[in-house]
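Everything below concerns the one structure shown next.
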Amino acid sequence: MNKEQRLILDVVLKNKSVEKIEEIDGLLEEKLDWCVISGQLMNHRLLGYFYEGLTSNQRDKMPKELRRTTRLLMSKQEEVMKKNYEMYDKLSEKFEKENIRYCALKGLMFCADFYELRERRSNDLDIMLLEEDLGKADKIFREFGFIQSFMKDGEMKEATRKEKICQRLKFHDLVPYVKYEGDSVMKIDINFRFDSENNDIDKEVFDRGVSYYGKNEIEVKGLPFDTNLIFLCIHFYREGRNTIWTKGKRDLLLYKLVDVINMIRVHYDEFIVDKWLTLVKKLHVEEKCYYTFYILDKFYKDEKIEQVLETLTPEDNSYINEVYVEGEDRYIEREKPFVETAFDWVM
């Protein structure tokens with residue numbers, strides 16, 4: 001791993017030690033290729049993370065125009081997130097009234113917990129519901145002007161009944177709900193399957209309870225740390241092992257791994273490894289959690305990551321480099337391991 005890549009991975013971390021800050025100071029004193037750094041940050045959706053992760057003195061080491069462009073993009077992201085939370089508040093009020101069980105996922109939850117609104121780029125509102133409540137929720141979304149559409153060629157056209165059924169039967173989420181909000185599109189992704197059809201644990205996860213996260217004058221209902229970490233592992237596993245995502249290298253976007261390590265670092269004292277592993281086994285998601293932690297370990301070293309791997313390592317982990325070919329019911333081997341291709345975006 002070269003110095004530009006190491007700088008990116010170090011700066012985006014939350015709760016950095018004094019030693020880590022000093023290491024970053026040292027890297028910033030070296031001759032760096034800022035074109036490579038800025039390109040990787042944009043590609044991996046880490047530009048805001050990077051800017052917020054630097055001290056004020058360290059930011060002065062960034063090229064001036066890169067600083068200005070970064071602040072402009074972050075300002076727009078804050079505007080988008082504020083609109084997302086306004087919609088979330090309206091939806092949650094309706095959900096509560098209709099006794100619909102729900103929780104916010106990913107960006108909605110993270111920015112209410114440990115990221116600033118301007119820091120993390122979020123393209124949509126991710127919400128988890130139980131499958132039994134999808135009908136009631138559909139009526140609520142349509143009250144607010146949303147339709148279900150894949151937005152093919154940018155056209156907001158209602159998905160066909162067949163498209164909706166196929167999406168629901170084959171995947172963990174629905175055809176997205178979308179609507180125009182000014183000159184942009186607001187999108188809601190509804191997850192109704194925590195893991196898979198073959199491992200129906202959705203009610204069990206909700207029965208374990210939810211947590212409230214508050215920051216930036218916002219509050220959301222999300223999964224507690226233990227189940228949220230498992231969800232992130234499953235989500236990363238899905239996108240790393242299916243050609244739907246790997247064809248466009250979407251599986252290689254590092255912000256997803258950074259979210260995992262940052263949530264662990266922010267909730268470090270809460271992360272009781274033995275207790276968490278007991279839950280992982282109870283929910284039968286060992287393979288998926290091992291997959292995510294195996295790859296996480298290639299980028300970030302941590303005692304608790306090692307503890308997880310010591311317990312979950314299977315006799316045969318060859319599946320790590322296997323990718324399912326969607327529609328053909330077969331697996332192919334990655335040409336190179338994830339860690340070797342994450343920063344390689346020659347296409």
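This chain uses plain numbering: 1 for the first residue, then up along the sequence.
Residues Ile188 and Leu91 are in side-chain contact: their nearest non-hydrogen atoms beyond the backbone lie under 4.5 Å apart. Looking only at side-chain heavy atoms (C-beta outward), Asn191 and His235 stay at 4.5 Å or farther from each other. Side-chain contact check for Ile140 versus Ile100: some heavy-atom pair is nearer than 4.5 Å. Counting heavy atoms from C-beta outward, Tyr180 and Val185 have side chains that approach closer than 4.5 Å. Using a 4.5 Å heavy-atom cutoff, the side chains of Leu283 and Glu204 are in contact. You'll find the side chain of Phe299 reaches within 4.5 Å of the side chain of Leu254, heavy atoms only. Annotation: side chain of Thr70 is in contact with side chain of Met62 (closest heavy-atom distance under 4.5 Å). Thr292 places none of its side-chain heavy atoms less than 4.5 Å from the side chain of Leu232.
Contact check on Lys281 versus Glu286 returns no salt bridge, with no Lys/Arg side-chain nitrogen under 4.0 Å from an Asp/Glu carboxylate oxygen. Ion pairing of Asp195 with Lys288 is present here, as a side-chain N (NZ or NE/NH1/NH2) and a carboxylate O approach within less than 4.0 Å. Taking a cutoff of 4.0 Å between a charged side-chain nitrogen and a carboxylate oxygen, Glu23 and Lys20 qualify as a salt bridge. Residues Lys76 and Glu79 are paired through a salt bridge, judged by an N-O separation under 4.0 Å between the basic side chain and the carboxylate. With respect to the salt-bridge test (charged N to carboxylate O, under 4.0 angstrom), the residues Glu163 and Lys157 do not qualify. A salt bridge is defined here as a Lys NZ or Arg NE, NH1 or NH2 lying under 4.0 Å from an Asp or Glu carboxylate O, and Glu181 with Lys83 fails to meet this definition. Using a 4.0 Å cut-off between a side-chain N of Lys or Arg and a carboxylate O of Asp or Glu, Lys106 and Asp189 do not qualify as a salt bridge. In summary, Asp33 and Lys3 do not engage in a salt bridge, as defined by a charged side-chain N under 4.0 Å from a carboxylate O.
Shown here is Glu303, whose CD atom has no more than 12 heavy atoms of other residues, nucleotides or ligands within 6.0 Å. In Glu30, the CD atom is crowded: over 12 heavy atoms of neighbouring residues, nucleotides or ligands sit closer than 6.0 Å. In Glu328, the CD atom is crowded: over 12 heavy atoms of neighbouring residues, nucleotides or ligands sit closer than 6.0 Å. For Lys94, the NZ atom counts as loosely surrounded, since its 6.0 Å shell holds 12 or fewer non-hydrogen atoms of other residues, nucleotides or ligands. Around the CZ atom of Arg71, the shell of radius 6.0 Å holds more than 12 heavy atoms that belong to other residues, nucleotides or ligands. More than 12 non-hydrogen atoms from other residues, nucleotides or ligands lie less than 6.0 angstrom from CD of Glu132. Crowding of Met42 atom CE: a count of heavy atoms from other residues, nucleotides or ligands under 6.0 Å not exceeding 12.
Minimum heavy-atom separation, Leu253 to Arg45: CD1-CD, 4.5 Å. Annotation for Phe194 and Thr227: closest pair CZ-O, 3.4 Å, computed over non-hydrogen atoms. The two residues Arg265 and Lys14 have their closest heavy-atom pair at NE-O, 2.6 Å. Across Arg120 and Met81, no two heavy atoms sit closer than the pair O-CG, 4.4 Å. Smallest separation of non-hydrogen atoms from Met1 and Leu9: SD-CD1, 3.2 Å. Shortest non-hydrogen contact noted between Ile147 and Arg142 is CA-NH1, 3.8 Å.
Put simply, the residue from Asp251, Thr246, Asn321 that forms a side-chain hydrogen bond (donor to acceptor under 3.5 Å, both in side chains) with Arg334 is Asp251.
Of the possible donor and acceptor atoms, one in the side chain of Arg241 sits under 3.5 Å from a partner among the backbone N and O of Glu322. A side-chain donor-acceptor contact under 3.5 Å links Ser38 to the backbone of Cys35.
The cationic atom of Lys221 (NZ for Lys, CZ for Arg) lies less than 6.0 Å from the six-membered ring centre of Tyr102 and within 45° of the ring axis. Tyr294 carries Lys298 over the face of its six-membered ring, with the cationic atom under 6.0 Å from the centre and within 45° of the normal. Cation-pi geometry between Arg59 and Tyr51 is satisfied (NZ or CZ under 6.0 Å from the ring centre, within 45° of the ring normal).
The closest side-chain donor-acceptor pair between Asp124 and Tyr177, if any, does not fall under 3.5 angstrom. Between the side chains of Glu326 and Asn242, at least one donor N or O sits under 3.5 Å from an acceptor N or O. A donor and an acceptor atom, one from each side chain of Ser196 and Asn198, are nowhere located under 3.5 Å apart. Under the 3.5 Å distance criterion, with hydrogens and angles disregarded, a donor-acceptor pair is assigned to the side chains of Tyr268 and Asp302. Between the side chains of Asp113 and His267, at least one donor-acceptor pair of N or O atoms lies under 3.5 Å. For the residue pair Tyr115 / Asn262, a side-chain donor-acceptor distance below 3.5 Å is found, with atom types taken as modelled.
In summary, the aromatic rings of Tyr255 and Phe110 are positioned with their centroids too far apart to meet the 6.0 Å limit.
Of the inter-residue distances, the one linking Asp173 atom CG with Phe192 atom CZ reads 7.5 Å to the nearest 0.5 angstrom. Atom CD1 of Ile190 and atom CD of Gln148 lie 9.0 Å apart (nearest 0.5 Å). Between Glu78 atom CD and Leu73 atom CG the span is 13.0 Å, to the nearest 0.5 Å. Taken from OH in Tyr291 to CG in Leu296, the straight-line distance is 12.5 Å, to the nearest 0.5 Å. In this structure, Glu52 CD and Glu116 CD are separated by 5.5 Å, a value rounded to the nearest 0.5 Å.
Residues Met151 and Met186 do not share a hydrophobic cluster, clusters being chains of Ile/Leu/Val/Met/Phe/Trp/Tyr side chains in contact below 4.5 Å. Under a hydrophobic-cluster definition in which Ile, Leu, Val, Met, Phe, Trp and Tyr are linked whenever side-chain heavy atoms come within less than 4.5 Å, directly or via other members, Leu229 and Phe206 are assigned to the same cluster. By the rule that hydrophobic residues join a cluster once side-chain heavy atoms approach within less than 4.5 Å of another member, Ile295 and Phe343 end up as members of one cluster. A chain of hydrophobic side-chain contacts below 4.5 Å, direct or via other Ile, Leu, Val, Met, Phe, Trp or Tyr residues, connects Leu257 to Val339. Hydrophobic clustering keeps Leu7 apart from Ile21 (ILVMFWY residues linked when any side-chain heavy atoms are closer than 4.5 Å, directly or through intermediates).
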query = Can you list the steps and then say if Lys136 with Glu98 is a salt bridge (charged side-chain N to carboxylate O under 4.0 Å, His left out)?
reply = CA-CA 8 Å; Lys136 289 194 291 185; Glu98 295 293 329; 5.1 Å; no
task = Apply salt bridge (charged side-chain N to carboxylate O under 4.0 Å, His left out) to Lys301 and Glu306, showing your working.
result = CA-CA 8 Å; Lys301 298 300 179 183; Glu306 292 175 7; over 6 Å; no
key: Worked check of salt bridge (charged side-chain N to carboxylate O under 4.0 Å, His left out) between Glu158 and Lys164   = CA-CA 10 Å; Glu158 183 79 33; Lys164 293 176 188 178; 2.6 Å; yes
Derivation of the salt bridge (charged side-chain N to carboxylate O under 4.0 Å, His left out) call for Lys249 and Asp344 = CA-CA 10 Å; Lys249 293 194 173 185; Asp344 178 11; 5.1 Å; no
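Between Tyr319 and Tyr290, the two ring planes are tilted [angle within 30° to 60°]. Phe141 and Phe146 have perpendicular rings, their planes meeting at more than 60° on a 0 to 90° scale where under 30° would count as parallel. Aromatic ring pairs are classed by plane angle as parallel below 30°, tilted from 30° to 60° and perpendicular above 60°; the pair Phe293 and Phe271 is tilted.
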